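One structure below.
These numbers come from a predicted model, not from an experiment.
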Amino acid sequence: MKLYNTLTQKKEEFKPLKENQVKMYVCGPTVYDHAHLGHARSAITFDVLYRFLEFLGYKVTYVRNYTDIDDKIIKKAKEEGISYKEVAEKYIKSYEEDMKALNVKKPTYTPKVTDHIKDIIDFVKALIEKGYAYEVDGDVYFRVSKFKDYGKLSKRSLEDMLKGARVEINEKKENPLDFALWKKDKGFFPSPWGEGRPGWHIECSTLVRKYLGDTIDIHGGGLDLIFPHHENEIAQSEALTGKPFVLYWVHNGFVMVNKEKMSKSLKNFWTIKDALKEYEGNVLRYFLISVHYRTPIDFSKENLNQAKQAFKKIKNVYLDKAFEFLPLTKKEIKNNFEYIDYKKEFIEALKDDLNTPKALSVIFKVVDKLNEIISFGISKRKRNEYLTNIYEKYKKDLKLFLEILGFNLKELEKLPSHIEKEIRNFANLLGLEDKEDISMVLEEILNYRNRLRKEKKFEEADKIREKLENLGFVIKDFPGKTLYYFKG
RNA sequence: GGCGGCGUAGCCAAGCGGCUAAGGCAGGGGACUGCAAAUCCCUUAUUCGGCGGUUCGAAUCCGCCCGCCGCCUCCA
């Protein structure tokens, strides 16, 4: 497949270091608050990449870290009067809930920084030994001037950066651009330089090396991490190992609100939890992948509602069982349907730098085909083997495509618990036996209703239909059988 | 100032040198249905921010201009 590489600023053919094996690292959240839609975009972008690479047959080792020690976490802990560990724990839990709701597949490893302090210290020690770092009064800094490739990812020279002014003046540093590897801080972790804690960038370099090795295939994150975070990671890692750190740098674009970046400081963010109150996880996923991952995406309720409507079309056909309920005939039914295999088109779209909008358009082609067949079958009031075969193939393709893009199919078919409760109450009211499986309960109701229809007690039967429709079900009667699905 | 990105129908969004400019949302007309929902058929950009240039041929390449945004400080 092709991937855009920030380092070369080109779309490149993706060739991992080891054939059929991919090592991927993505910067996870700093856990000091609930994650917002920007975090969701990053998580979902790389989730789709992860799933797609696996689909292509690669064995992927995917690592996403939790930065659970940092200035902001400590600040938050002070504000709330709890320990930094409690803050981190709380928001890791929150993040994991969000990931679950968005159906983001668990990475192979999700290490926490505080579980790897020793590795970090070893890393820093080695950098000092090699002359790439120096200690001043309990702090350790990276000596930027010693690393000749500094700036190669963000495309800026040391002179440019200095001219950029806004560089913090720190008397301790040899060069204002040197960055902290270790920060002196009482009460944290013992080290050869006294008690302290890791600087911001060192944790990723350390964890990459520990879990994946000196050179990895893909390193991802939001565009805003290019500088300084990823630039500094390169400096640390390549200074230590002398080997290329990352083959493909992949960065996702921002979530925008009114043409401004969604961010904490602008206070224009929606947390994932806020969004989930109004939109199901599948809809948020649809919204976020309906734009190519490198293009900025505009967040607004209007756009989210469009995504909701669009996704509903997919959902409807996915759940529609009308065709399967049509009576099967051996006779030929004159038609000009033929199966078109869209798999290649779908896969090619994703192979082209993860073109998810294009992939979605292929899904709609399959959706249309299915709807055409269903509609045709209903108009003839029957189906045959030929049509059923095509129908089933399309249905299978649809399922496959939705799975690759990470949609939660189980969630699609699941009934909201309050609806389930109402159904049970209703069955009870009709004097029907309660069953554990809710679909069995529904069958009971519909069987009961069909007996009424047989006895020509239409008025009562219609009342039952009305009740189910009010609960959000689509009810369609066919000779001897009744079709239902929950549309919400 | 340095580096990077964006501008395609009412809205969202693919396309990145050549078949009739994908797809979705919204809208209009028709069909099906007792009604509704879902769905089907038809319909919605001679044109891709502007102006030049390269080319047999450009939304796609080059130049200039206009507008918007991001990074350069913590940030997905």
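At C71(B), none of the side-chain N or O atoms of Lys155(A) fall inside 4.0 Å of OP1 or OP2 (strictly under the cut-off). Taking only side-chain nitrogens and oxygens, Lys313(A) comes nearer than 4.0 Å to OP1 or OP2 of G24(B). The phosphate of A76(B) has neither OP1 nor OP2 within less than 4.0 Å of any side-chain N or O from Asn252(A).
Between Tyr279(A) and Trp270(A), the two ring planes are tilted [angle within 30° to 60°].
Side-chain contact check for Asn65(A) and Tyr25(A): at least one donor-acceptor pair (N or O, by modelled atom type) lies under 3.5 Å.
Across C62(B) and U20(B), the matching P atoms stand 25 Å from one another, rounded to whole Å. When the C1' atom is used for both G2(B) and U44(B), the distance is 45 Å, rounded to whole Å. Going from the P atom of C48(B) to that of C19(B) covers 16 Å, rounded to whole Å. Nucleotides C56(B) and A13(B) have their C1' atoms positioned 32 Å apart, rounded to a whole Å. Straight-line distance between the C1' atoms of C42(B) and A59(B): roughly 28 Å, to the nearest whole Å. U60(B) and G7(B) have their P atoms separated by 12 Å, with the value rounded to a whole Å. Spacing of C1' atoms, C40(B) relative to U47(B), comes out at 30 Å, to the nearest Å. C25(B) sits 38 Å from G63(B) when the C1' atoms are compared, rounded to a whole Å.
Ser154(A) comes within 4.0 angstrom of the backbone, heavy atoms only, and of no base. The residue Val362(A) sits apart from the nucleic acid: no heavy atom pair falls under 4.0 Å. Within the 4.0 angstrom heavy-atom criterion, base atoms lie near Ser361(A). Residue contacts shown for Met262(A) include a base, since a base heavy atom lies under 4.0 Å away. Using a 4.0 Å heavy-atom distance criterion, Gly38(A) is classed as a base contact. At a threshold of 4.0 angstrom between heavy atoms, the contacts of Gly253(A) include nucleobase atoms, whether or not backbone atoms are also involved. Note on Phe254(A): a base of the nucleic acid sits closer than 4.0 angstrom, heavy atoms only. Among the protein residues, Lys308(A) comes within range of no part of the nucleic acid, since none of its heavy atoms lies under 4.0 Å from any strand. Contacts of Ile374(A) with the nucleic acid, taken as non-hydrogen atoms under 4.0 Å apart, are absent.
Following rounding to the nearest Å, His230(A) (NE2) and C72(B) (C1') show an atom-to-atom distance of 16 Å. Look at CZ on Arg285(A): it is 19 Å from C1' on G24(B), rounded to the nearest Å. A straight line from CZ of Arg156(A) to P of G2(B) spans 13 Å, rounded to a whole angstrom. His251(A) places its NE2 atom 14 Å from the C1' atom of C3(B), with the value rounded to the nearest Å. Taking atom CZ on Phe311(A) and atom C1' on A26(B), their separation rounds to 20 Å, with Å as the unit. C40(B) atom C1' lies 15 Å from atom CZ of Phe323(A), rounded to whole Å. Rounded to whole angstrom, the span from the CD atom of Glu466(A) across to the C1' atom of G34(B) amounts to 13 Å. If you take NZ of Lys173(A) and P of U73(B), they are 10 Å apart, rounded to a whole angstrom.
In this structure, the nucleotide among C40(B), A38(B), C71(B) sitting nearest to the side chain of Asp368(A) is C40(B). Side-chain proximity of Phe364(A) to the nucleotides C69(B), G24(B), C25(B) is greatest for G24(B). Comparing C71(B), A76(B), G70(B) by their nearest atom to the side chain of Met256(A) picks out G70(B).
Remark: Lys313(A) engages Asp368(A) in a salt bridge (charged side-chain N to carboxylate O under 4.0 Å, His left out) (not counting sequence neighbours).
For the pairing with Tyr394(A), the ring pair (Phe, Tyr, Trp, His ring centres under 6.0 Å) check across Phe337(A), Tyr318(A), Tyr339(A), Phe401(A) returns one residue only, Tyr339(A). When the options Tyr141(A), Phe142(A), Phe227(A) are evaluated for a ring pair (Phe, Tyr, Trp, His ring centres under 6.0 Å) with Phe179(A), the one that passes is Phe142(A).
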So which protein N/O to nucleotides 27-33 of chain B N/O distances come out below 3.5 Å?
none

TODO: Give the intermediate values and the outcome of salt bridge (Lys or Arg N to Asp or Glu O under 4.0 Å) for residues Lys343(A) and Asp341(A).
DONE: CA-CA 6 Å; Lys343(A) 282 192 279 293; Asp341(A) 193 343; 3.4 Å; yes
TODO: Start with the C-alpha gap between Lys365(A) and Glu345(A), add the side-chain angles, then the distance that decides, and say whether salt bridge (Lys or Arg N to Asp or Glu O under 4.0 Å) holds.
DONE: CA-CA 11 Å; Lys365(A) 287 187 188 182; Glu345(A) 194 178 339; 2.8 Å; yes
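Salt-bridge check for Glu280(A) with Lys414(A): failed, with every basic side-chain N at 4.0 Å or more from each acidic carboxylate O. Arg197(A) has a carboxylate O that lies under 4.0 Å from a charged side-chain N of Asp71(A), or vice versa, which qualifies the two as a salt bridge.
Nearest-nucleotide positions on RNA chain B for Ile226(A) and Thr30(A) put Ile226(A) closer to the 5' end. With the nearest nucleotide of RNA chain B identified for both Ala310(A) and Asp70(A), Ala310(A) has the one nearer the 5' end.
Within the shown strands, U43(B) is the pairing partner of G27(B) under the Watson-Crick or G-U definition, both distances less than 3.5 Å. Nucleotide G67(B) has C6(B) as its partner under the Watson-Crick or G-U criteria, with both atom distances under 3.5 Å. G1(B) and C72(B) make up a base pair, with Watson-Crick or G-U wobble contacts both under 3.5 Å. Judged by Watson-Crick or G-U wobble contacts below 3.5 Å, the nucleotide C61(B) has G53(B) as its partner.
Ring pair Tyr84(A)/Phe188(A): centre-to-centre distance below 6.0 Å. For His34(A) and Tyr91(A), the gap between ring centers is short of 6.0 Å.
Under a cutoff of 6.0 Å and an axis angle of 45°, Lys264(A) and Tyr32(A) form a cation-pi pair. Both tests pass for Arg294(A) against the ring of Tyr4(A): distance under 6.0 Å to the centre and angle within 45° of the axis.
The base of G34(B) lies close enough to the side chain of Arg465(A) for a donor and an acceptor atom to sit less than 3.5 Å apart.
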TODO: Scan nucleotides 7-20 of chain B nucleotide by nucleotide, 5' to 3', and note B when protein non-hydrogen atoms come under 4.0 Å of the base, S if they reach only the sugar-phosphate, - if neither.
DONE: ----BSSSS-----
